[in-house]
Amino acid sequence: MLLIYCPYCEVERPETEFHNGGEAHIARPADPSKTSDEEWAEFLYMRSNVKGIAVERWRHIHGCGRFFNVVRDTVSDKILKVYKVDDPMPDLEALAKEAGR
Amino acid sequence: MSQPFRTEKGGRIDRGQQLTFTFDGEEMQGHKGDTLASALLANGVHLVGRSFKYHRPRGIVTAGSEEPNALVGVYRKGDQTPNLRATQVEVYQGLEAISQNRFPSLGFDVGAVNDLLSPLFPAGFYYKTFMWPKAFWDRVYEPVIRAAAGLGKPPKNPDHDTYGNIYAHCDVLVAGSGPAGLAAAVAAAETGAKVILCDEQAEFGGSLLSDENATIDGKPPAEWVRDTIVKLQGMDNVTLLSRTTAFGYFAHNYIALAERVTEHVSDPDPKLPRERLWQVRAKEVVIASGAIERPMVFPENDRPGILLADAGRTYLNRYGVKVGNKVLIATACDTAWQAAFDLADHGVDVVAIADLRETPPENLVAIAQARGIRVEAGCVVTGTLGRKRVKAALLGRLMTSGQVASAGQVACDAILMSGGWTPTVSLYSQSRGKVVWDETVGAYVPGKSVQHERSAGAAKGLYGLQATLEDGYAAGEAAAKAAIGKEAKVTYAAASGGEAGQGAVLGALPHDRNASRVKAFVDYQNDVTAKDIKLAAREGMQSIEHIKRYTTTGMATDQGRLSNMNALSIASGALEKPIVDVGLTTFRLPYTPTTFGLFAGVARGDHFDPVRKTPSHDWVVANGGVYEDVGQWKRTWYFPKSGEDMHAAVARECATVRESVGLFDASTLGKIEVVGPDAAEFLERMYTNPWKKLAPGRCRYGLMLNDAGFIVDDGVIGRLADDRFHVTTTTGGAPSVFATMEDYLQTEWPDLDVWITSTTEQYAVAAVQGPKAREVIAPFIEGIDLSADPFPHMSVKEGTFCGVPCRLFRISFTGELGFEINVPRRHGKMTWETLAGEIEKHNGTAYGTETMHVLRAEKGYIIVGQDTDGTVTPQDAGMSWAIGKKKHDFVGKRGLERPDLVAENRKQFVGLLTKDPKVKLEEGAQITVAQNPATGTPAEGHVTSSYYSPAMGRTIALAIVKNGHALHGKSLYVPMPDGSIEVEVTSPIFFDKEGARLNV
Ligand SMILES: [Zn+2]
């Protein structure tokens, strides 16, 4: 069971308090009517599903209720970074290097 | 004579406490401190079970949790727990144990004929033989195989024991209390770190408890263990857990321990649980799980009386039990020699030491000779005699040619064998570390740490008492430093004796026997022989993962801890590739078999899942209502009057609602309060419908899609004020709708000024439906003019019900005049009971979910999740009217334009009427064009809802059917096992198509 740090509550809590929300930084197009069918399908269904450094959304469902983002190594389950929902995506290569991958 | 194989003195058993137990009904004596295995051996009992496949007589092989053969059932509180390892079952007064997998008795077992027929049972036998006919699998092959193979029988009754659960946090968890584990615990504890030390055995000390020759700090090892434990017990920062197995190593240093609390006591405190699950979050872990000895793979190496050498030594030194009177040592490793010497010193006749090596260490040979023990170097066991107990061994001389020449026969009643040692890397492997092959150790050892753990001592292939102790101290110090950043000066204990042994062998041993006729076992528990593994390789299995599944080697309860290395070596030879290229299977949790009770804990029976009750619950129970489970909710299904079956009750309830009035508990509906300046804009985006122009005091049916364009939920939404909406959702959809709204609000549209609050539990809802609904509620409502003009269909207003604040909706899910009264939950019971009394005066009825379903189906109202399945669009459902045409965007709008969603031939929502009005279709039944379609014909759609409709005086059904909207009036078929049913496609609205009954 993962231990996850909620950046809003500023506490570390077990995974059972949270709910995974899938890959992060998949923004809904600002004007969906302007997207092509391919672009819309990409937005709906295509996810990177990486073996390695993944960026995913988690929601502190049994806590503050907020969504936030987590950088997790899907091989070791090590959490490399946690950041708020409106923060930019961190430099994944630097994080990976730091974690010795 | 009682306990003929008990030594005169010595051992850690309490000779002052004699205990009586039974094995297969026979009464025997043991002592406090005995395991069932040691007590049986003290009584001269080696035969304890029959093997899985061939029903061969089997005896105790080990002295630990890896025991493959001695699996027994233990009776307790009138029921039997199967498959317990006799090496772990502690003897208590009155213990009742039984052997397994034998019929009619352990001594005479008819299943043993399988052994004679064994040429018929090669590896992959099941896959090859039982292929045809298909139907035979369920009816013949499987029942017969299951009856013949297998181990213990499951208990018959529900588990009457209780199980505890503890969450614990520590700085350093030490798993295993042998020399490395104890040293690690001491070193970590000295720094002040919070330490948990656990060991699966009853007593701490591991291998130190069986060692009578070495000394630590000048004391016998067991004495040093005692002093060390006393010291640890005196420290507040240390928790000591014996009989506690670290069985699972999960992510983020989360380790599960199983503590056996009362199973070893004859009369336990009833307040204590049988077992306790410790869920430990450790900052650092020291894995000190030691190593186990490897069996030697020679022909007939499975006879009762053949044990691992170290087990023989453990039984002797720790339990005061001789495994036999004439013992042969078969080894490739120095350590077994010490077992020979210890036995000889206790007066046991060691008939010979047969060492595979051409030149065993001279010092050992000298000691043996001093004790008068015959030494045979370059010598292997090539077979054994004796059926229920070994009585002789065949010896063979290894020739330089690689051949084996017979070296005669030696009489013995026990053989102790050692093929060397295998580090126990299970926990490391579970922590997701990758083991690496170490050529000098001749085994797989832990590689890089993935989590915050380190292995110490024999668990990483480091042997020898002094080295193991030092490694343990260092591991404890390093773990504490990593966990709390502190160091402490610990004086390392100094050991003498207990030197590391040299020598090992892997794989099947050479012999001079007819290879096709002998069995040399690799995996005892699953009856896998060396021959089976070679055959698997010959038949094309390339990786150990394939060989494992084909032969089942390593798939027994020890997960191959005993057998894997030998199996790998045999496979490596057969595949002609180096052992590292054969691969290694992964050790999974649990480390040893773990009870379901431990995992379930208190989550059993009523505590398995929360039960959600509605305000009418007590009234319904008192009035004979029948419940159905809807998720966690208890909802009333129907209210039978005396003598009524379900059909009659539902027919009466339906008719009563249409004729006069009915009362329904709608409290389970999801409710969400959406508030804020941008509330209307938010709903505009979340639902297909337009909301901005909806006037306060009015309601609208809302349809929610996902961004793919498919219907995911629906419900009526009332506008209470410009900035406040009362949203309802389906009963099952409430949590997901709320989560979806939060998701869009927080992550897509954080600019919107909106708050949403789940109010499902805050309101109780009573639905009053039927022509008399207004008259029923009128006496209790204040502050709201109920007449149709100011309060038409699809209105909402706040007022009071019996003086209690209420939100009154005029809405209908029945097609009748209807009201839904929302009151604060604490007034729900009063509201329900008041209305239940009132409807009586109007010849009304309370009704349940079944009637609700029928009434809505008569009106063609969909139930999301029943009539839709996640692939249905509003157009498919005939609900294009619910889409706000002028809206630029809403969730799902773009999805609806995808090519597949606007394509021809989509499945569409329709009504179905059977040709015969009495025939009711099965929900889920497939629909075809042809009356008797050929096998494999794809269905045109399926029946989603089907009922008897009192209003129509016949059956009705709803369905989704390809191009259904264009098929009204056409005939289709529903093929069923007893004949095809002809149906006519119709509009899904069967009753009051104009909706006249709503607007009164
Ligand atoms: Zn939080």
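Numbers restart at 1 for each chain; the letters A, B, ... are given by sequence-line order, proteins then strands.
- At distances below 3.5 Å, not a single donor-acceptor pair connects side-chain atoms of B:Glu742 with backbone N or O atoms of A:Arg66.
- In A:Met1, the CE atom is crowded: over 12 heavy atoms of neighbouring residues, nucleotides or ligands sit closer than 6.0 Å.
- Taking B:Pro750, B:Ala251, B:Ala739 one by one and counting their heavy-atom pairs under 4.5 Å with chain A, the maximum is reached by B:Ala251.
- Within the 4.5 Å cutoff, side-chain heavy atoms of A:Phe67 are placed close to those of B:Gln746.
- Atoms CG and OH, on A:Leu3 and B:Tyr254 in that order, are 10.0 Å from each other to the nearest 0.5 Å.
- Only the backbone of B:Phe890 has a heavy atom closer than 4.5 Å to any heavy atom of chain A.
- A donor-acceptor contact shorter than 3.5 Å links the side chain of B:His252 to the backbone of A:Asp77.
- Salt bridge annotation for B:Asp707-A:Arg28: present, with a cationic side-chain nitrogen under 4.0 angstrom from a carboxylate oxygen.
- Among B:Val450, B:Asn253, B:Asp889, the residue with the largest count of heavy-atom pairs under 4.5 Å with chain A is B:Asp889.
- Taking a 6.0 Å sphere around NZ of B:Lys893, one finds it holds more than 12 heavy atoms contributed by other residues, nucleotides or ligands.
- A pairwise comparison of heavy atoms in B:Ala708 and A:Tyr45 identifies CB-OH, 3.5 Å as the closest pair.
- With respect to A:Asp31 and B:Arg894, no salt bridge is recorded, no charged nitrogen being found less than 4.0 Å from a carboxylate O.
- In the displayed structure, B:Lys887 atom NZ is contacted under 6.0 Å by more than 12 heavy atoms of other residues, nucleotides or ligands.
- Between B:Asp743 and A:Arg59 there is no salt bridge, since no side-chain N of the basic residue sits under 4.0 Å from a carboxylate O of the acidic one.
- The part of A:Leu44 that comes within reach of chain B is its side chain, from C-beta onward, which places non-hydrogen atoms under 4.5 angstrom from that chain.
- Other residues, nucleotides and ligands place no more than 12 heavy atoms under 6.0 Å from the NE2 atom of A:His19.
- Atom NZ of B:Lys885 is surrounded by more than 12 heavy atoms from other residues, nucleotides or ligands within 6.0 Å.
- Within 6.0 Å of the CG atom in A:Asn49, the count of heavy atoms belonging to other residues, nucleotides or ligands does not exceed 12.
- Looking at A:Ile61, neither its backbone nor its side chain comes within 4.5 Å of chain B, counting heavy atoms on both sides.
- A:Lys78 has its side chain out of reach of B:Gln451: every pair of non-hydrogen atoms, C-beta onward, lies at least 4.5 Å apart.
- Contacts between A:Ile26 and chain B at a heavy-atom distance below 4.5 Å involve the backbone alone (N, CA, C, O).
- The 12-atom threshold is not exceeded at NE2 of B:His607, counting heavy atoms of other residues, nucleotides or ligands nearer than 6.0 Å.
- Both the backbone and the side chain of B:Arg898 have a heavy atom closer than 4.5 Å to some heavy atom of chain A.
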